[in-house]
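What's counted below: heavy atoms across the whole structure, side chains too, no hydrogens, waters or symmetry copies.
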Amino acid sequence: MTAALEVDGLRHRYDEGAEPVTALDGVSLTVGCGEVVALLGPNGAGKSTLVSIIAGILQPTAGSVDRMVATLGLAPQDEALYPTLSARANLRHFGRLAGLSGPELEDRIVEVASELLIAAVLDRKVRHLSGGERRRVHAAAALVPDPRLVLLDEPTAGVDVETRVELLASIRRRADRGAAVLYSTHYLQEVEQLDARVVMLANGRVVAEGRPDELARRFADRVVELRFDRPGVALPPPLDAWSVADAGDPARFTITLPDGERLSTVLDRLGPAREALESAAMSQPTFEQAFRRLTGAGPVVGEVGVT
């Protein structure tokens with residue numbers, strides 16, 4: 001796969017405030033043409049700083065960014081639209097900044113507006129649009145030039161389901177046509193919907209890379225659920241240290257296995273408690289578990305996001 005973007009050893013420190021803050025600490029990654037790379041990490045991991053440096057908005061303290069394609073499209077986390085102008089006027093403005101003009105620009109506006117379901121609101125002022133409509137116009141401004149490298153920083157944050165579906169479909173189509181996409185997100189389900197490779201950040205460093213299923217196999221906790229025929233069963237060590245009792249069902253325990261432990265060895269370790277065992281099952285490792293283990297993030301919230 002031909003590389004469209006290569007980032008090598010990026011470091012960035014913010015010196016404002018009482019104490020310097022290191023936002024990036026030696027980050028390296030590559031995005032290939034036709035590939036979606038999902039940039040994941042908890043708040044403060046350095047995702048937005050990384051996107052800003054790649055886009056040329058910030059200068060790194062150290063390291064390099066090599067963009068091997070001619071056109072770049074950026075949709076930053078915060079909306080960058082002119083509220084008193086129409087959606088069409090906004091798209092014209094950003095298209096002209098990218099070097100488009102005349103019929104070519106108008107055709108691109110129509111094409112992207114149709115794709116993102118904003119054709120009906122093109123002549124409405126941005127300040128009168130709904131939140132989801134504004135986010136689609138915001139993304140469209142980055143896509144009008146048909147860029148070969150697309151940088152999207154949490155483009156679906158706070159949007160409705162329809163907007164999320166259309167944005168993800170549009171992004172996937174661009175990758176299928178050969179564009180390279182770096183997609184920063186908090187939403188784990190979007191990674192699989194985009195068929196993305198993952199670069200996971202924590203504390204300004206890359207802590208893991210790979211496909212979601214690969215990361216689940218390598219890093220997710222292996223969990224065993226034990227259910228006994230009565231509450232109050234005492235687990236012997238070391239199982240007592242590895243287990244958590246279900247507050248709603250005191251006859252059920254969840255055990256997080258250390259590396260090297262298997263279900264059979266858990267059963268062997270039960271000793272006399274095994275006589276009260278009703279069922280035992282090991283759950284399959286998940287991408288969410290890998291994310292939480294690698295980044296120290298909190299639990300998944302709702303159906304699509306993490307804190």
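- A donor-acceptor distance shorter than 3.5 angstrom exists from the side chain of T71 to the backbone of R148, with no hydrogens or angles considered.
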- Item | Steps toward side chain to side chain donor-acceptor pair (under 3.5 Å) verdict (Y14, T49) | CA-CA 10 Å; Y14 292 101; T49 298; 2.8 Å; yes

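- If you take CG on L91 and CD on E106, they are separated by 10.0 Å, rounding to the nearest 0.5 Å.
- Considering only heavy atoms from C-beta on, M200 comes within 4.5 Å of F291 through its side chain.
- Annotation: side chain of V65 is not in contact with side chain of P60 (no heavy-atom distance under 4.5 Å).
- Side-chain atoms of V51 and L39, non-hydrogen and from C-beta on, do get closer than 4.5 Å to each other.
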- Task: Give the C-alpha distance, both sets of side-chain angles, the deciding distance and a yes or no for side chain to side chain donor-acceptor pair (under 3.5 Å) between S48 and D153.
- Result: CA-CA 7 Å; S48 292; D153 191 0; 2.7 Å; yes

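- For the pair S28 (side chain) and G9 (backbone), a donor-acceptor distance under 3.5 Å is present.
- Rounded to the nearest 0.5 angstrom, I255 CD1 and L239 CG are separated by 5.0 Å.
- Linking ILVMFWY residues whenever their side-chain heavy atoms come closer than 4.5 Å, directly or via other members, leaves V137 and V159 in distinct clusters.
- In this model, a donor atom of one side chain and an acceptor atom of the other lie less than 3.5 Å apart for E190 and T185.
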- Message: Please determine whether side-chain contact (heavy atoms from CB on, under 4.5 Å) holds for the pair R197 and E209, giving the CA-CA distance in whole Å, both sets of side-chain angles, and the decisive distance to 0.1 Å.
- Response: CA-CA 7 Å; R197 179 168 62 86; E209 292 185 62; 3.2 Å; yes

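- Considering only residues two or more places apart in sequence or on other chains, R205 meets the side chain to side chain donor-acceptor pair (under 3.5 Å) condition with D25.
- Taking CZ of R135 as the start and CG of L116 as the end, the distance is 12.5 Å to the nearest 0.5 Å.
- With hydrophobic clusters built from ILVMFWY side chains whose heavy atoms lie under 4.5 angstrom apart, L81 shares a cluster with L100.
- Using a distance-only test at 3.5 Å, with no hydrogens or angles considered, no donor-acceptor pair links the side chain of E115 to the main chain of V112.
- The structure places CG of L277 at 8.5 Å from CG of D229, a figure rounded to the nearest 0.5 Å.
- Distance alone, capped at 3.5 Å, places no donor-acceptor pair between the R127 side chain and the T84 backbone.
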- Task: Output, in order, the C-alpha distance, side-chain angles, deciding distance and verdict of salt bridge (charged side-chain N to carboxylate O under 4.0 Å, His left out) for R222 and E261.
- Result: CA-CA 9 Å; R222 293 169 305 125; E261 288 288 325; over 6 Å; no

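- Remark: R262 CZ is loosely packed, at most 12 non-hydrogen atoms of other residues, nucleotides or ligands lying under 6.0 Å away.
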- Evaluation steps, salt bridge (charged side-chain N to carboxylate O under 4.0 Å, His left out), between E166 and R136: CA-CA 9 Å; E166 295 304 326; R136 283 184 248 179; over 6 Å; no

- Task: In sequence, state the C-alpha distance, the side-chain angles, and the governing distance for R230 and E278, and then conclude on salt bridge (charged side-chain N to carboxylate O under 4.0 Å, His left out).
- Result: CA-CA 9 Å; R230 59 183 181 274; E278 193 172 84; over 6 Å; no

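- In this structure, OG on S264 lies 10.5 Å from CZ on R269, to the nearest 0.5 angstrom.
- Nearest heavy atoms, A196 versus P212: O-CD, 3.6 Å.
- Summarising the geometry, atom CG belonging to L294 is positioned 12.5 Å from atom CZ belonging to R292; distances are rounded to the nearest 0.5 Å.
- Using modelled atom types, no side-chain atom of R108 and backbone atom of P145 make a donor-acceptor pair closer than 3.5 Å.
- Taking all atoms of both residues into account, the shortest heavy-atom contact from A180 to G32 is CB-O, 3.3 Å.
- Counting all heavy atoms, side chain and backbone alike, L267 lies closest to A280 at CD2-CB, 4.0 Å.
- Side chain to side chain, S184 and E154 fail the donor-acceptor criterion of an N or O pair below 3.5 Å.
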- Message: Apply side-chain contact (heavy atoms from CB on, under 4.5 Å) to residues L151 and L149 and explain how you reach the verdict.
- Response: CA-CA 7 Å; L151 307 178; L149 174 61; 4.2 Å; yes

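- There is no path of hydrophobic side-chain contacts, each under 4.5 Å, that joins L152 to I54.
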- Task: Start with the C-alpha gap between D176 and R174, add the side-chain angles, then the distance that decides, and say whether salt bridge (charged side-chain N to carboxylate O under 4.0 Å, His left out) holds.
- Result: CA-CA 5 Å; D176 291 341; R174 269 159 180 74; over 6 Å; no

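- Counting only residues at least two apart or on different chains, no salt bridge (Lys or Arg N to Asp or Glu O under 4.0 Å) pair has a member in residues 57-73.
- Side chains of H186 and N43: a donor on one and an acceptor on the other come within 3.5 Å.
- In this structure the side chain of Y187 never reaches within 4.5 angstrom of the side chain of L40, judged on heavy atoms.
- Applying the side chain to side chain donor-acceptor pair (under 3.5 Å) test to pairs two or more places apart or on separate chains, those with a residue in residues 232-246 are D246-R252.
- A donor-acceptor pair under 3.5 Å is absent between the side-chain atoms of H128 and the main chain of P83, judged by distance alone.
- Looking at residues two or more places apart in sequence or on another chain, you find a side chain to side chain donor-acceptor pair (under 3.5 Å) between S130 and E133.
- Shown here are the salt bridge (Lys or Arg N to Asp or Glu O under 4.0 Å) partners of D78, two or more places apart in sequence or in another chain: there are none.
- V110 belongs to no multi-residue hydrophobic cluster, having no ILVMFWY side-chain contact under 4.5 Å with any other such residue.
- Put simply, the side chain of K47 never gets that close to the backbone of L201: no donor and acceptor are under 3.5 Å apart.
- V223 and F287 are assigned to two separate hydrophobic clusters, defined by single-linkage of ILVMFWY side chains at heavy-atom distances under 4.5 Å.
- Residues L215 and L188 are members of one and the same hydrophobic cluster, defined by side-chain heavy-atom contacts under 4.5 angstrom among Ile, Leu, Val, Met, Phe, Trp and Tyr.
- R173 CZ: more than 12 foreign heavy atoms inside a 6.0 Å radius.
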- Task: Tell me, with the steps shown, if L168 and Y183 meet side-chain contact (heavy atoms from CB on, under 4.5 Å).
- Result: CA-CA 10 Å; L168 294 180; Y183 186 95; 3.4 Å; yes

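- Between the side chain of S114 and the backbone N or O of E111 there is no donor-acceptor pair closer than 3.5 Å.
- Of all heavy-atom pairs between G46 and L24, the closest is O-CD2, 3.5 Å.
- Looking at heavy atoms from C-beta onward, L10 lies in side-chain contact with I53 at the 4.5 angstrom threshold.
- A pairwise comparison of heavy atoms in A175 and V36 identifies CB-CG2, 3.6 Å as the closest pair.
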- Is there a side-chain contact (heavy atoms from CB on, under 4.5 Å) between D195 and R211 once you walk through the steps? CA-CA 8 Å; D195 189 27; R211 312 295 295 189; 2.4 Å; yes

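- Proximity of a side-chain donor or acceptor of H138 to a complementary backbone N or O of P155 within less than 3.5 Å is not detected.
- For R134 (side chain) and L129 (main-chain N/O), a donor-acceptor pair under 3.5 Å exists by modelled atom type.
- Counting non-hydrogen atoms of neighbouring residues, nucleotides and ligands closer than 6.0 angstrom, the OH atom of Y82 reaches no more than 12 such neighbours.
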